[in-house]
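First comes the structure, then the notes that go with it.
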Amino acid sequence: MGCSYFCNSLPKGGMMPIALIDCNSFYASCEKIFRPDLKDRPVVVLSNNDGCIVAMSSEAKKLKIPRGAPLFKVKELIDRYKVEVFSSNYTLYGDISSRVMSIIMESTDTVEVYSIDEAFANWNFQDPIDYAYLIRKRIKMWTGMPVSIGIAETKTLAKIANHIGKKSCNGLFWLQEEYREEILRDTPIEDVWGIGRQLALFLRSRNIMTAYDFIQQEDWWVKKHLTIVGLRTKWELQGRASINFEEEVKENRAIMSSKSFGNPITELDDLLEGTKSYVHDAFHKMSKQKLKAKSITLYLTTNSFRKNDMQYRNSITMELEDYSDYLPDFIKAADKGIRQIFREGYKYKKTSVLLTDLKLPKEITPDLFTLKDPRKDKIRDCVNELNMRYGKGTVVCNLKRGSGNRWTMKRELLSPEYTTKWKDLPKVN
DNA sequence: TCTGGGGTCCTAGGACCC
DNA sequence: TCTGGGGTCCTAGGACCC
């Protein structure tokens, strides 16, 4: 498909175009920013514990390394092509992301930050393509991050436009109404935002192969088989905006910390230590948003990939007496919960901590019969401030620290925190 | 040997109430 | 002993996203 759909007039009907601005190979691009020597080299980024490949630079994609593959399965390719491999450095990615987002927000009226590497923006301009050029250039110049921009009447169509831009139009594409049908005929059903693997299989089995085939189906049929979510997708593809534009940052409904252990864990004590460190993690996220939680769920599971091991998984939800933002309440609950679901004789792979029933203090009706202990508030404020200022983990509760724990995550190929740690600041000679 | 983590939304089904 | 139906709330599970 060429780029012949560019045109300099606003779409008829005055519909406000939606732009999707999306960073190219985000994690891999972050790693390249401070390493000019990697400019045209293949780069991959690993998941926690250096397990799977979660992101690839375009050079790495060309080597046909499958996304999501465990590192050990593609080791040979990696060595042969001298692919540069990094552990994931979320501190770096988070910081680069907020720089990119603030540029987008400065330069346009309404923005929804959709994920770490993409944002939707309402672009009410005479010529959105001109504007896309400008923004892209600015982001590249100020942060070093390459982005692609797709523009269309709805979010789902903007996704498609972005995809086309990435593939064949130098990163920018405006999908206008008069070309929509042609483009939808060229869009395989599994490339539609909101149609995942399961649904694509189902639709293909019904001979629905493209986005165009999909919008030919009756509303009732789509709703029956794909629920209201699928029906919205259909409407969006037809140019009818059906997915809300969420400008405000949504409050989380849940906060999770869940990690695999570096090694299988058999002892209750190690399991408790690991879990408590995840409680700290989740609690830190919650504190940053100034939320309180009323319940905490603990999950634990063995490694289901190891077919010969005995398998066990379980979970338990602990209700706190009241909404709390006092760390020891959560530590106590987690300790009690894990002891209840722990069974001797298994090799545990992972525990997860989920905080739910989250509220801002102003939304909570105080309980007349619970006496408040003002000392708790002081301790909490003091600990939170120290952890915000000096980084999470500065003050901990009932937790042995240090590396070398059996449960600590593996991150052997970590890059420096170039932008968030003084000692990691890049030097210029 | 080594196989990610963190979210959202929707539905079905059970418990319970009237 | 016969035996209805509507409503709400909760949870588990399955789909999706990045």
Side-chain angles (χ1 to χ4, degrees), chain A residues 20 22-27 44-55 66-76 78 85-90 93-94 97 112-120 155-156 159 162 189-203 223-233 242-244 246 249-264 278 281-282 284-286 289 295 297 299 301-309 313-317 319 347 349-358 409-413:
Chain A
L20 171 63
D22 174 283
C23 301
N24 300 341
S25 317
F26 182 62
Y27 294 173
V44 300
V45 178
L46 303 176
S47 61
N48 281 345
N49 281 311
D50 294 346
C52 296
I53 290 174
V54 291
R67 202 194 114 103
L71 181 61
F72 72 96
K73 282 196 179 166
V74 292
K75 196 84 182 77
E76 203 242 332
I78 300 274
V85 183
F86 290 96
S87 304
S88 35
N89 184 346
Y90 288 105
Y93 310 151
S97 168
E112 173 187 343
V113 175
Y114 179 72
S115 74
I116 193 162
D117 72 331
E118 57 191 286
F120 290 102
K155 287 180 163 183
T156 308
K159 277 269 180 188
N162 189 288
I189 189 66
E190 60 273 13
D191 287 357
V192 174
W193 189 45
I195 306 293
R197 252 197 27 236
Q198 297 305 315
L199 292 179
L201 270 176
F202 168 77
L203 292 171
K223 183 162 183 214
K224 182 174 165 214
H225 293 286
L226 281 75
T227 78
I228 185 70
V229 184
L231 186 53
R232 281 193 202 119
T233 298
S242 310
I243 300 175
N244 282 342
E246 318 259 0
V249 180
K250 262 183 284 172
E251 280 152 36
N252 283 356
R253 298 269 177 96
I255 291 174
M256 176 175 263
S257 174
S258 158
K259 282 174 208 66
S260 299
F261 301 124
N263 297 294
Y278 302 162
D281 216 61
H284 185 75
K285 282 186 216 167
M286 186 176 83
Q289 302 177 54
S295 59
T297 305
Y299 299 84
T301 172
T302 50
N303 186 348
S304 57
F305 284 102
R306 299 180 62 110
K307 296 286 179 243
N308 296 329
D309 284 5
R313 62 196 301 171
N314 205 347
S315 72
I316 187 168
T317 298
E319 287 290 324
K347 292 180 192 155
K349 175 63 184 166
K350 178 159 123 175
T351 58
S352 315
V353 171
L354 183 71
L355 304 181
T356 50
D357 205 345
L358 299 171
M409 176 160 84
K410 239 169 76 181
R411 286 167 106 191
E412 288 166 357
L413 304 160

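Values below: every heavy atom of this structure, side chains too, minus hydrogens, waters and symmetry copies. Throughout, protein chains are lettered first and strands after them, A, B, ... in sequence-line order, and every chain is numbered starting at 1.
- In this view, A/S47 satisfies the side chain to side chain donor-acceptor pair (under 3.5 Å) rule with no residue, not counting sequence neighbours.
- Contact footprint of chain A on DNA chain C: nucleotides with an atom under 4.0 Å from a non-hydrogen protein atom, first to last in 5' to 3' order, C/dA15 to C/dC18.
- Remark: A/S304 pairs with no residue by the side chain to side chain donor-acceptor pair (under 3.5 Å) rule, at least two apart or across chains.
- A/N49 contributes atom CG, which lies 12.0 Å from atom CG of A/L71 (distance to the nearest 0.5 angstrom).
- A/S257 comes within 4.0 angstrom of sugar-phosphate atoms only, judged by non-hydrogen atoms across all strands, and of no base.
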Next on the checklist: Both atom distances under 3.5 Å, Watson-Crick or G-U wobble: I'd like the secondary structure of DNA chain B as a dot-bracket string, with | for pairs made across strands.
Outcome noted: ....||||||||||||||
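- Nucleic acid contact class of A/K159 (heavy atoms, under 4.0 Å, all strands): sugar-phosphate only.
- Within the 4.0 angstrom heavy-atom criterion, no nucleotide atom of any strand lies near A/K223.
- Heavy-atom distances to DNA chain B give each of A/R232 and A/L354 a nearest nucleotide, and the one nearer the 5′ end belongs to A/L354.
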Item to check | Worked check of side-chain hydrogen bond (donor to acceptor under 3.5 Å, both in side chains) between A/S295 and A/T317 | outcome: CA-CA 7 Å; A/S295 59; A/T317 298; over 6 Å; no
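- In this structure, A/I255 reaches the sugar-phosphate backbone alone: every heavy-atom distance under 4.0 Å involves primed, P, OP1 or OP2 atoms, never a base.
- Every residue two or more places apart in sequence or in another chain that forms a ring pair (Phe, Tyr, Trp, His ring centres under 6.0 Å) with A/Y27 is listed here: A/Y90, A/Y93.
- Residue A/L46 is out of contact with every strand shown, counting any heavy-atom pair closer than 4.0 Å.
- Listed in residue order, the members of residues 195-203 of chain A having a heavy atom less than 4.0 Å from DNA chain C are A/I195, A/G196, A/R197, A/Q198, A/L199.
- In this structure, A/Y114 reaches the sugar-phosphate backbone alone: every heavy-atom distance under 4.0 Å involves primed, P, OP1 or OP2 atoms, never a base.
- The salt bridge (Lys or Arg N to Asp or Glu O under 4.0 Å) check on A/D50 picks up nothing, with sequence neighbours excluded.
- Across the interface with DNA chain B, nearest-nucleotide mapping of A/K285 and A/G51 shows A/G51 to be the residue nearer the 5′ end.
- A pairwise comparison of heavy atoms in A/Y278 and A/S260 identifies OH-O, 3.9 Å as the closest pair.
- With sequence neighbours left out, the salt bridge (Lys or Arg N to Asp or Glu O under 4.0 Å) criterion links A/R411 to no other residue.
- A/F72 meets the ring pair (Phe, Tyr, Trp, His ring centres under 6.0 Å) test with no other residue; sequence neighbours excluded.
- At the heavy-atom level, A/N252 lies under 4.0 Å from the strands shown only through sugar-phosphate atoms.
- Heavy atoms of A/K259 sit under 4.0 angstrom from primed sugar atoms or phosphate atoms, though from no base atom.
- Heavy atoms of A/A69 sit nowhere under 4.0 angstrom from any nucleic acid atom.
- Partners of A/K259 by salt bridge (Lys or Arg N to Asp or Glu O under 4.0 Å), not counting sequence neighbours, listed by chain and number: A/D281.
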Which pairs would a plain distance check flag for residues 192-199 of chain A, meaning a side-chain donor or acceptor within less than 3.5 Å of a matching protein atom at least two apart in sequence or in another chain?
none

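- By the salt bridge (Lys or Arg N to Asp or Glu O under 4.0 Å) test, A/E412 is found to be paired with no residue, residues two or more places apart in sequence or in another chain being considered.
- Using atom C1' as the reference point in both C/dG4 and B/dC16, the two lie 16 Å apart (nearest Å).
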